[in-house]
A.B. asks: 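Pasting in a structure now, in structure tokens, and then I'll have a few things to ask.
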Amino acid sequence: MTTMTDPHRESFRLSMLLYDSRYRSMTIQIVALIGFLTLIGWLFNNTAQNLADLGKEPSFRFLGEAAGYDINQMLVEYNNQDTHLRAAFVGVLNTLLVAVLGCLAATIVGVLIGVLRLSNNWIVSRLMTIYVEMFRNVPVLLWIVFTMAVLIETLPAPRDFRGDDPSATMYLWDTVAFTNRGFYIPEPLFTRSLGDIHLFGDAMLRFNLSLDLIAIASTLLAGILISGLFKKRADRVQEATGLRPKTWYWRLGVVFLPTIAVLMILGLNWGHPELKGFNFQGGTYMRNSLIALWLALSLYTAAFIAEIVRGGILAISKGQTEAAAALGLRNRRIMSLVILPQALRVIIPPLISQYLNLTKNSSLAIAVGYMDLTGTLMGITANQTGRELETVLIGMLIYLTISLAISAVMNAYNNRVKLRER
Amino acid sequence: MENTSFVRTEMLPETEPPRSTTGVLGWIRDNLFNGVLNSILTILSLAFIYYLLSMLLPWSISPTWGAKSLNECREILGATGREHGGACWGVINERWSQILYGFYPEELRWRPTLTFFLLFVAMIPILFNMISRRMNWLLLVLVLFGASFAVENSALMVVVKIVLGLSLAYLAYTVVKTDRDDRAEQIKEGAKRLPNPLYFTAIYVFLMPWLLWGGSIWSPVAAALGFLVGWLAFRLLAPIAGNLASLILAVIAAGVWWLLLIGPFTGLMNGLAPIGLIPVESRLFGGMLLSLTIGVVAIAASLPLGIVLALGRKSDLLIVKWLSVGFIEFIRGVPLITLLFVASMLLNIFMPPGTDFDIILRVIIMATLFASAYMAEVVRGGLAALPTGQYEAADALGLDYWKAQRLVIMPQALKISIPGIVSTFIGLFKDTTLVSIIGLLDPIGLSSTIRADLAWNGIVWELYGFIALLFFIFTFLMSRYSMYLERRLRTDHS
């Protein structure tokens with residue numbers, strides 16, 4: 001016996017805030033918000049009181065003062081009379097340098113190892129497994145410190161290259177020198193250089209941009225774009241006639257010939273490092289700290305990338321390979337046309353987070369004395385000025401910006417290759 | 001027309017497969033030399049392995065275990081006429097205990113060792129389900145019995161040893177006497193069971209800091225009593241005030257205990273019965289002891305916090321959601337080292353004036369927050385992978401939010417995220433080495449001091465190899481355990 005009645009209309013009681021699901025969510029949210037604001041207020045209050053007791057009013061004025069310390073590896077000109085802000089800028093560029101180099105190397109090594117781990121050659125896949133387990137299971141900081149120690153202890157000192165019967169020799173027709181202070185490699189020089197442009201005048205962010213570099217890069221870019229047009233045309237012809245015109249020599253030509261021409265016009269020659277006195281002169285000097293950090297970070301991250309690549313390829317079901325084979329595709333085309341495009345969708349999101357990890361791990365540079373953002377702003381600047389709160393805050397914000405920028409770019413790419421579902 | 005085609009009228013007898021496709025030879029052909037490229041790779045790999053071993057083996061077999069400095073090593077090697085040199089194992093011999101314990105007072109090192117073994121006893125009921133209760137208690141008594149020999153001998157210790165020895169013998173006897181099926185039968189008939197070993201796990205949470213840092217026993221007891229107070233308050237109030245209200249009141253009661261009553265209680269008890277261990281300061285902690293302390297506590301704390309954050313991020317409550325998202329994205333966007341800088345330089349500034357809490361505790365807090373953000377993302381992945389039907393089914397059964405989470409959602413979501421959870425654990429454990437940058441003496445921090453020592457200046461491979469091996473053992477075991485767990489929890493039929 002059921003009767004339909006209007007539910008009994010209750011007047012609002014206080015307990016309904018807890019027990020009525022209509023109001024409970026509001027209660028929880030308001031309690032959470034109040035709790036959060038109280039916490040923030042409490043922290044602010046404590047901080048203000050503590051800083052007042054220490055006599056340190058929060059202020060960012062120190063950023064405009066002369067830094068007074070030298071930085072040994074820099075991409076832009078800097079001397080110890082520049083400001084702390086400039087030093088931080090140098091640090092950011094160094095962070096970005098090692099992050100970019102590391103991501104490139106880690107991707108190359110990681111993909112190679114991931115693919116080799118899938119090899120049906122028993123011994124090769126076992127070797128790669130050992131590599132992966134060895135690097136993944138040992139802290140990255142240990143790898144960094146260890147690489148640094150090995151570079152310092154096992155490589156010859158520059159003076160060992162001296163004399164008639166030197167105990168150490170340079171490699172690659174006397175163009176590359178590996179010493180315990182760092183690596184000396186040839187540097188590109190241009191006899192008919194276009195010069196530099198000075199950006200941002202005297203501002204903190206000023207830097208010199210080499211016009212040669214711009215010319216070369218833009219030629220190369222234009223070549224790649226034109227090569228893309230050739231590909232599109234070939235695609236069109238193939239769709240219309242079923243025959244794909246041979247275009248690879250055209251495409252290679254438009255990419256490389258103009259670039260080589262530009263290099264010739266600019267008068268490219270290589271400046272070799274040479275032993276002068278007790279040290280090498282000329283060439284590009286890469287410090288030990290950069291090399292150690294770069295090597296350790298990229299080899300460590302490569303182990304993770306290898307696992308990601310392996311997982312991505314394994315995630316594509318065997319049916320896909322078999323279907324492609326049934327269509328008459330050859331092994332290489334199966335890989336490039338069927339497996340890889342699908343595997344990339346699985347691979348890219350975790351790959352992004354590995355890039356992020358590498359960038360964040362580059363802050364361990366401080367352990368080997370590479371002057372990145374952590375070393376300059378949060379290290380020496382914080383120590384010299386005693387502004388720990390401000391420097392750590394700025395440092396965190398910069399890292400946050402870099403991380404968010406990387407994930408934004410990578411997510412945009414990910415969205416492009418993502419499966420278009422209905 | 002004549003039929004010229006040949007039709008065989010009888011079957012050929014079966015023959016052995018060709019020699020080259022079976023046995024060792026066949027395996028080598030299939031796996032190492034199937035094709036030109038693979039043959040080249042195999043030969044290159046073999047050459048590489050040979051090269052590596054020919055360097056490594058003669059190097060590692062080196063009679064330098066007793067050397068007291070790098071120079072002494074060189075002298076020993078020079079005397080034996082080794083031209084390629086060899087390892088200098090003296091550094092490990094002299095410093096291994098420092099790499100394990102840091103500067104923890106030598107006569108008290110039985111305490112961290114005991115804590116370490118007890119850790120396994122406490123974790124076994126959580127990690128494995130095939131170990132019986134008796135076995136677990138047996139292990140506990142065994143560890144305690146072993147530890148009783150490390151402590152200075154006194155009349156009390158003799159009694160303790162005898163008691164432990166007797167109970168060990170009794171437990172071992174029962175384990176040997178009754179097999180598993182018998183025991184199951186007895187329990188069905190109403191035989192008494194041993195208490196759940198998880199009780200010891202709960203005690204261990206309070207035992208661990210006491211054993212490591214020492215001090216009065218009444219501080220951890222008082223801290224543990226807070227939970228008891230809360231539980232009692234809940235049990236007493238629940239019939240009167242309803243579940244939710246009494247839960248809130250229980251939390252308040254426990255809070256009052258911890259904030260206000262704990263001081264008088266410990267003061268009183270210390271006056272009545274001053275039992276305690278010799279206190280050890282945090283700055284004496286070092287080596288693997290430090291890494292394990294930070295790692296274990298942060299791992300244990302980050303999982304629940306991460307689950308809460310993941311639920312917050314998936315929540316319908318807008319404010320809760322945005323707070324969780326902001327926290328997670330902020331933490332994941334900055335390197336751990338900046339958080340450790342906060343721990344070492346700023347955390348005391350954030351606290352009320354005059355607070356000065358322990359550096360290890362500060363590091364643990366920041367490491368926990370760091371790991372919990374990553375954990376939240378892993379768990380969120382697991383939650384997202386569950387089909388919506390599971391949520392709807394739980395709702396249809398009339399389960400409320402927490403019951404649905406506890407009984408339906410979480411068991412499945414956590415199972416999906418096991419690999420991610422364990423790799424976060426491993427990452428956190430490896431990241432404990434970062435504390436060397438803020439001046440704590442974990443194995444890597446110690447390696448710098450050892451290398452700065454005049455006697456060992458210039459040592460590289462042996463020292464770092466040893467430290468790497470220590471880390472490798474723990475992380476490798478963790479990853480193997482995660483594979484075992486995945487197999488154990490697998491419910492599909494493949």
Side-chain angles (χ1 to χ4, degrees), chain A residues 15 18-19 25 28-30 32-33 36 42-43 45-47 49-51 53-54 116 119-124 126-127 133-134 136-143 145-146 149-150 152-154 356 359-364 366-367 374 378 382 388-389 392 395-396 399-404 407, chain B residues 27 30-32 34 37-38 41-42 45-46 48-49 242 244-245 248 316-320 323 329-330 332-339 341-342 345-346 348-353 426 429-434 436-437 443-444 447-448 451 458-461 464 467-468 471-472 474-476 479:
Chain A
S15 64
L18 270 185
Y19 292 110
S25 67
I28 295 174
Q29 298 203 52
I30 287 170
L33 190 64
F36 176 69
W42 184 68
L43 290 178
N45 189 26
N46 288 337
T47 312
Q49 203 172 343
N50 279 318
L51 287 181
D53 289 351
L54 290 172
L116 281 181
S119 152
N120 52 12
N121 187 322
W122 184 84
I123 198 161
V124 170
R126 280 314 122 102
L127 274 181
E133 293 292 348
M134 199 172 85
R136 276 202 320 176
N137 284 321
V138 173
V140 62
L141 184 61
L142 185 61
W143 282 119
V145 179
F146 168 71
V150 168
I152 290 178
E153 301 291 345
T154 60
L356 280 173
T359 312
K360 282 182 281 175
N361 281 339
S362 74
S363 60
L364 299 181
I366 197 169
T374 321
M378 283 185 272
E388 294 95 357
L389 182 67
V392 170
M396 279 183 156
Y399 273 113
L400 204 56
T401 318
I402 295 175
S403 300
L404 291 180
S407 44
Chain B
W27 184 87
D30 280 351
N31 291 294
L32 299 180
N34 52 343
L37 182 69
N38 261 343
L41 281 176
T42 303
S45 309
L46 287 176
F48 174 71
I49 293 172
L244 195 60
I248 294 170
D316 301 330
L317 312 173
L318 213 58
I319 295 174
V320 175
L323 288 179
E329 292 303 325
F330 172 72
R332 277 162 37 96
V334 298
L336 175 58
I337 187 68
T338 59
L339 294 177
F341 280 144
V342 170
M345 302 191 291
L346 298 178
N348 273 343
I349 297 186
F350 293 153
M351 292 294 127
I426 293 176
F429 182 59
K430 287 187 295 178
D431 280 343
T432 57
T433 52
L434 265 62
S436 63
I437 291 178
I444 291 183
S447 78
S448 321
R451 274 162 49 79
I459 204 132
V460 181
W461 300 88
Y464 287 118
I467 298 172
F471 275 98
F472 186 88
F474 286 105
T475 50
F476 192 71
S479 68

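The shown structure was predicted, so the numbers you read here are calculated from the model rather than taken from an experiment. Just so we're on the same page: letters track the sequence lines, and every chain starts at 1.
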A.B. asks: May I ask you to test the Thr338(B)-Thr374(A) pair for a side-chain heavy-atom distance under 4.5 Å?
C.D. replies: no
A.B. asks: Please state whether the side chain, the backbone, both or neither of Ser436(B) comes within less than 4.5 Å of a heavy atom of chain A.
C.D. replies: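 For Ser436(B), the contact with chain A is made by the side chain alone.
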A.B. asks: What part of Val392(A) is in contact with chain B, defined as an atom under 4.5 angstrom from a non-hydrogen atom: side chain, backbone, both or neither?
C.D. replies: side chain
A.B. asks: So for Ile349(B), is it side chain, backbone, both, or neither that comes closer than 4.5 Å to the heavy atoms of chain A?
C.D. replies: both
A.B. asks: Chain A heavy atoms under 4.5 Å from Leu336(B): which part of the residue, side chain, backbone, both or neither?
C.D. replies: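 It is neither, since no heavy atom gets under 4.5 Å.
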A.B. asks: If I measure from the heavy atoms of chain A, does Leu317(B) come under 4.5 Å with its side chain, its backbone, both, or neither?
C.D. replies: both
A.B. asks: If you define the side chain from C-beta out and look only at heavy atoms, does anything of Val124(A) sit under 4.5 Å from Asn38(B)?
C.D. replies: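 When only atoms from C-beta onward are counted, Asn38(B) and Val124(A) do not touch, as no gap falls below 4.5 Å.
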A.B. asks: Donor-acceptor check, side chain of Gln49(A) to backbone of Pro353(B), threshold 3.5 angstrom: yes or no?
C.D. replies: no
A.B. asks: Where the side chain of Lys360(A) meets the backbone of Arg332(B), is there a donor-acceptor pair that is under 3.5 Å apart?
C.D. replies: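 Indeed, once roles are kept as given, a pair shorter than 3.5 Å links the two residues.
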A.B. asks: Under a 4.5 Å heavy-atom cut-off, does chain A meet the side chain of Ile467(B), its backbone, both or neither?
C.D. replies: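 Both backbone and side chain of Ile467(B) come within 4.5 Å of chain A.
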A.B. asks: Please flag which part of Thr154(A) lies under 4.5 Å from any non-hydrogen atom of chain B: side chain, backbone, both or neither.
C.D. replies: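 The side chain, not the backbone.
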A.B. asks: Is it the backbone or the side chain of Leu356(A) that comes under 4.5 Å from a heavy atom of chain B, or both, or neither?
C.D. replies: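 For Leu356(A), neither part sits under 4.5 Å from chain B.
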A.B. asks: Which bit of Met351(B) is near chain A, if near means a heavy-atom gap under 4.5 Å: side chain, backbone, both or neither?
C.D. replies: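 Both parts, backbone and side chain.
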A.B. asks: Can you tell me how far the CG atom of Asn348(B) sits from the CG atom of Asn50(A), to the nearest 0.5 Å?
C.D. replies: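 Rounded to the nearest 0.5 Å, the CG-CG separation comes to 8.0 Å.
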A.B. asks: Select one option (side chain, backbone, both, neither) describing which atoms of Leu37(B) are under 4.5 Å from chain A's heavy atoms.
C.D. replies: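 Neither part.
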A.B. asks: Measure distances from Phe330(B) to the heavy atoms of chain A and classify the residue's part below 4.5 Å as side chain, backbone, both or neither.
C.D. replies: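 Contact with chain A involves both backbone and side-chain atoms of Phe330(B).
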A.B. asks: CG of Leu32(B) to CG of Asn120(A): how many Å apart, nearest 0.5 Å?
C.D. replies: 10.0 Å
A.B. asks: Taking the six-membered ring for Trp and the single ring otherwise, decide whether the centroids of Phe146(A) and Trp461(B) are under 6.0 Å apart.
C.D. replies: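 So the answer is yes for these two rings.
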A.B. asks: Where on Leu41(B) is there a heavy atom nearer than 4.5 Å to chain A: the side chain, the backbone, both, or neither?
C.D. replies: both
A.B. asks: Looking at CZ of Phe429(B) and CG of Asn137(A), how far apart are the two atoms once the value is rounded to the nearest 0.5 Å?
C.D. replies: 11.0 Å
A.B. asks: Among Asn121(A), Leu127(A), Leu116(A), find the residue that satisfies the side chain to side chain contact (heavy atoms under 4.5 Å, CB included) test when tested with Ser45(B).
C.D. replies: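 Testing Ser45(B) for a side chain to side chain contact (heavy atoms under 4.5 Å, CB included) against Asn121(A), Leu127(A), Leu116(A) leaves exactly one candidate, Leu127(A).
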